[in-house]
Amino acid sequence: MEFRYLGNSGLKISAITYGNWLTHGSQVENEVAHACVRAALEHGISTFDTADVYANTKAETVLGEALRGERREDLEIFTKVYWPTGPKGKNDTGLSRKHIMESIDGSLRRLQTDYVDLYQAHRYDTETPLEETMQAFADIVRQGKALYIGVSEWTADQLREGHRLSRELGFQLISSQPQYSMLWRVIEAEVVPACEELGISQIVWSPLAQGVLSGKYLPGQAPEPGSRAADEQMGKGMAGFLREEVLTAVQQLRPLADQAGLTMPQLALAWVLQNPNVASALVGASRPEQVQDNVKAAGVRLEPDLLAAIDDVLGEVVERDPGKTAERAPQTRVV
Ligand code: NDP
């Protein structure tokens, strides 16, 4: 495993992070969830990402159970706050002081730990003054409940303002968690340059475009049973990646992966890790074999001519519009 510093901090994390969105507490049985975590640990993954909202808090419980007994110092555990949880009452959401303070305690209890290494704002809250949010994060860091603070899907301007306040309040905002893959490159124009300037790393989600870049979804064919796209609920967010022209272009990556001696998932993961602002690729898995395949992307260097060939093959199906970060962000809280 390769380890990288997270932002301008002394914290090292594994270049592949194991994430449990849609899997733990929902898609897979606990036994499979535990086997995936075990495979991750055996292959050198030390960084684990979850969120209170995943499976309405159940994902944190499953991860906490799966990691029980591991030496805490060997792990980096990340979670998040923002989306509504529990009975979804009026204050069970957002980045108010009340919701942050209550949420961190719930997450620590479910994860069976005294602190998380990284506590992340899962989205930007347009309804809470940013000063209030950042003060709450500063207090959580002082209480020792989180060691560092990160955010997810914030725009470059929001990152700048959050970073400025964190400096004033004496804590470190060190990470940004956006979607990033060969097919979704919207952070390259604005978010990445801002973060390079501020000393913030990216921890990128859906680097396999939810499995599409593994090449297992074939144009003109129904998704294989048991895969994410085959499930009506889970597949909802994948429609853009399951278009014929995208699936056709993705199949053309196969000879490039073969030439490089990599599997398709390894090529996709190694690709995001070529960006020096990316500290880690956040990978989900519904089976331990997927983890075993994916971890081998760590430490792989892709030659410039291969990167150029990937750009050629994918051409117009790549989304690059930096406006998508703001466009996809919630404009108001959902409850
Ligand atoms: P990926 O793009 O890595 O997709 C993972 C899914 O792809 C797996 O669950 C599996 O689905 C399939 N897959 C994985 N490996 C392979 C393989 N080797 N061969 C074939 N199929 C494979 O990432 P996710 O979309 O799961 O996101 C990863 C993590 O990112 C999450 O767990 C979470 O921690 C984080 N995240 C953060 C968000 C945010 O807003 N901050 C949003 C979304 C995710 P299957 O087998 O079911 O087809």
Side-chain angles (χ1 to χ4, degrees), residues 13 16-28 32-33 36-37 39-40 43 45 47-55 59-60 62-63 76-83 118-124 150-154 175-184 187 202-218 223-238 240-242 250 254 257 262-273 278 280-297 325 328-330:
I13 66 170
I16 305 288
T17 292
Y18 176 89
N20 71 356
W21 175 55
L22 295 180
T23 53
H24 293 191
S26 43
Q27 182 191 12
V28 302
V32 177
C36 287
V37 168
H43 288 85
I45 291 179
T47 312
F48 293 83
D49 181 79
T50 185
D52 57 359
V53 71
Y54 296 166
E60 284 185 334
V62 175
L63 184 64
E76 301 80 48
I77 301 178
F78 300 174
T79 194
K80 319 186 191 80
V81 57
Y82 170 84
W83 295 106
L118 186 72
Y119 199 43
Q120 302 161 97
H122 210 155
R123 288 297 181 270
Y124 188 85
V151 301
S152 175
E153 293 295 349
W154 284 24
S175 67
S176 150
Q177 188 177 128
Q179 180 176 179
Y180 186 52
S181 68
M182 283 180 191
L183 293 172
W184 192 264
I187 58 170
Q202 313 301 322
I203 312 164
V204 302
W205 60 267
S206 293
L208 297 177
Q210 302 207 43
V212 169
L213 285 166
S214 73
K216 68 183 175 186
Y217 299 112
L218 301 172
E224 65 180 60
S227 64
R228 187 178 292 184
D231 183 285
E232 201 187 326
Q233 206 49 34
M234 290 194 302
K236 259 188 195 158
M238 297 176 70
F241 293 138
L242 293 170
V250 167
R254 196 174 293 281
L262 300 170
T263 63
M264 296 266 285
Q266 288 162 7
L267 180 70
L269 297 172
W271 185 91
V272 297
L273 291 170
V278 171
S280 190
L282 261 167
V283 192
S286 64
R287 291 194 289 281
E289 303 77 51
Q290 293 176 343
V291 180
Q292 280 151 23
D293 183 6
N294 298 341
V295 286
K296 299 195 188 94
T325 303
R328 294 203 152 197

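Order of appearance sets the numbers: ligands from 1, and atoms from 1 within every ligand. Counting from 1, the numbers follow the sequence of the chain as shown.
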Mark up the atoms of ligand 1 that fall under 4.0 Å of a heavy atom belonging to Pro265, in ascending order.
17 (C), 18 (N), 19 (N)

Can you check whether Leu208 has an N/O within less than 3.5 Å of an N/O in ligand 1?
yes

Given the side-chain rings of Tyr18 and His43, with only the six-membered ring counted for Trp, is the space between their centroids under 6.0 Å?
no

Assess the side chains of Ser152 and Gln177: does a donor N or O sit below 3.5 Å from an acceptor N or O?
no

Identify, for atom 31 (C) of ligand 1, the protein heavy atom at the shortest distance, and state residue, atom and that distance.
Trp21 CB, 3.5 Å

Test your reading of the structure: does Lys80 have an N or O sitting under 3.5 Å from an N or O of ligand 1?
no

Could you tell me if the side chain of Val28 sits less than 4.5 Å from the side chain of Cys36, heavy atoms only?
no

Of all the atoms in ligand 1, which lie at a distance below 4.0 Å from a heavy atom belonging to Gln177?
35 (C), 36 (N), 37 (C), 38 (C), 39 (C), 41 (N)

Would you say the side chain of Leu118 lies within less than 4.5 Å of the side chain of Ile203, judging by non-hydrogen atoms?
yes

What part of Thr50, side chain, backbone, both or neither, has a heavy atom within less than 4.0 angstrom of ligand 1?
neither

Can you tell me which portion of Gln27 lies within the under-4.0 Å heavy-atom range of ligand 1? Options are side chain, backbone, both, or neither.
side chain

I'd like to know if Gln179 contacts ligand 1, where contact means a heavy-atom distance under 4.0 Å to any ligand atom.
no

At what distance is the nearest protein heavy atom to atom 23 (O) of ligand 1, and which residue and atom is it?
Ser206 CA, 3.4 Å

Contact partition for Lys216 relative to ligand 1, non-hydrogen atoms under 4.0 Å
side chain

Select the closest option to atom 29 (C) of ligand 1 among Val28, Leu282, Asp293, Leu269, judged by heavy-atom distance.
Leu282

Atom 26 (O) of ligand 1 [closest protein heavy-atom partner, distance rounded to 0.1 Å]:
Arg228 NH2, 2.8 Å

Near Ser286 (heavy-atom distance under 4.0 Å), the atoms of ligand 1 are 9 (O), 45 (P), 46 (O), 47 (O)

Only heavy atoms of His122, strictly under 4.0 Å: list the atoms of ligand 1 that pass.
39 (C), 40 (O), 41 (N)

Residue Ala285 vicinity, atoms of ligand 1 by number, heavy atom under 4.0 Å:
8 (C), 9 (O)

Return the closest protein heavy atom for atom 15 (N) of ligand 1 as residue, atom name and distance.
Asn294 ND2, 3.0 Å

Sole candidate of Ser176, Ser175, Ser280 that passes side-chain hydrogen bond (donor to acceptor under 3.5 Å, both in side chains) when paired with Gln202
Ser176

Any donor-acceptor pair under 3.5 Å linking the side chain of Glu153 with the backbone of Tyr124?
no

Counting only heavy atoms, which portion of Ala51 has something under 4.0 Å from ligand 1: side chain, backbone, both, or neither?
neither

For Asn20, the ligand 1 atoms with a heavy-atom partner under 4.0 Å come out as 32 (O), 34 (O)

Ala285 versus Thr23, closest heavy-atom pair with distance:
O-CG2, 3.5 Å

So is Tyr54 in contact with ligand 1, going by heavy-atom distances below 4.0 Å?
yes

As an exercise, identify every atom of ligand 1 less than 4.0 angstrom from a heavy atom of Arg123.
39 (C), 40 (O)

Is it true that Asp49 and Thr17 share a donor-acceptor pair across their side chains at a distance under 3.5 Å?
no

Which protein heavy atom lies closest to atom 8 (C) of ligand 1, and at what distance to 0.1 Å?
Gly284 O, 3.5 Å

Quick one: look at Ser227 and ligand 1, take heavy-atom pairs under 4.0 Å, and tell me if it's side chain, backbone, both or neither.
both

Measure from atom 20 (C) of ligand 1 to every heavy atom in Ser152, Ser214, Ala281 and give the option owning the shortest one.
Ser214

State, to 0.1 Å, how close Leu213 and Pro207 come at their nearest heavy-atom pair, and which atoms those are.
CD1-O, 3.5 Å

Is the backbone N or O of Ser286 less than 3.5 Å from a side-chain atom of Gln290, with the two atoms forming a donor-acceptor pair by type?
yes

If we only count heavy atoms from C-beta on, is the Leu208 to Asn294 side-chain gap below 4.5 Å?
yes

Between Trp205, Tyr217, Trp83, Phe241, which one has a non-hydrogen atom sitting closest to atom 35 (C) of ligand 1?
Trp205

Any donor-acceptor N/O pair, Trp154 side chain to Arg123 backbone, under 3.5 Å:
yes

Within the structure provided, determine whether Val250 and Phe241 are in side-chain contact (heavy-atom separation under 4.5 Å).
no

Tell me whether the centres of the aromatic rings in Trp83 and Tyr54 are closer together than 6.0 Å.
no

Residue, atom name and distance, where the atom is the protein heavy atom closest to atom 4 (O) of ligand 1
Gln210 CA, 3.4 Å

Between the main-chain N or O of Thr50 and the side-chain N or O of Lys80, is there a donor-acceptor pair closer than 3.5 Å?
yes

May I ask you to identify the nearest protein heavy atom to atom 10 (C) of ligand 1, giving residue, atom name and distance to one decimal place in Å?
Gln290 OE1, 3.5 Å

Looking at Asp49, which atoms of ligand 1 are within less than 4.0 Å of one of its heavy atoms?
33 (C), 34 (O), 35 (C)

Heavy-atom donor-acceptor pair, Arg254 side chain to Gly215 backbone, under 3.5 Å
yes

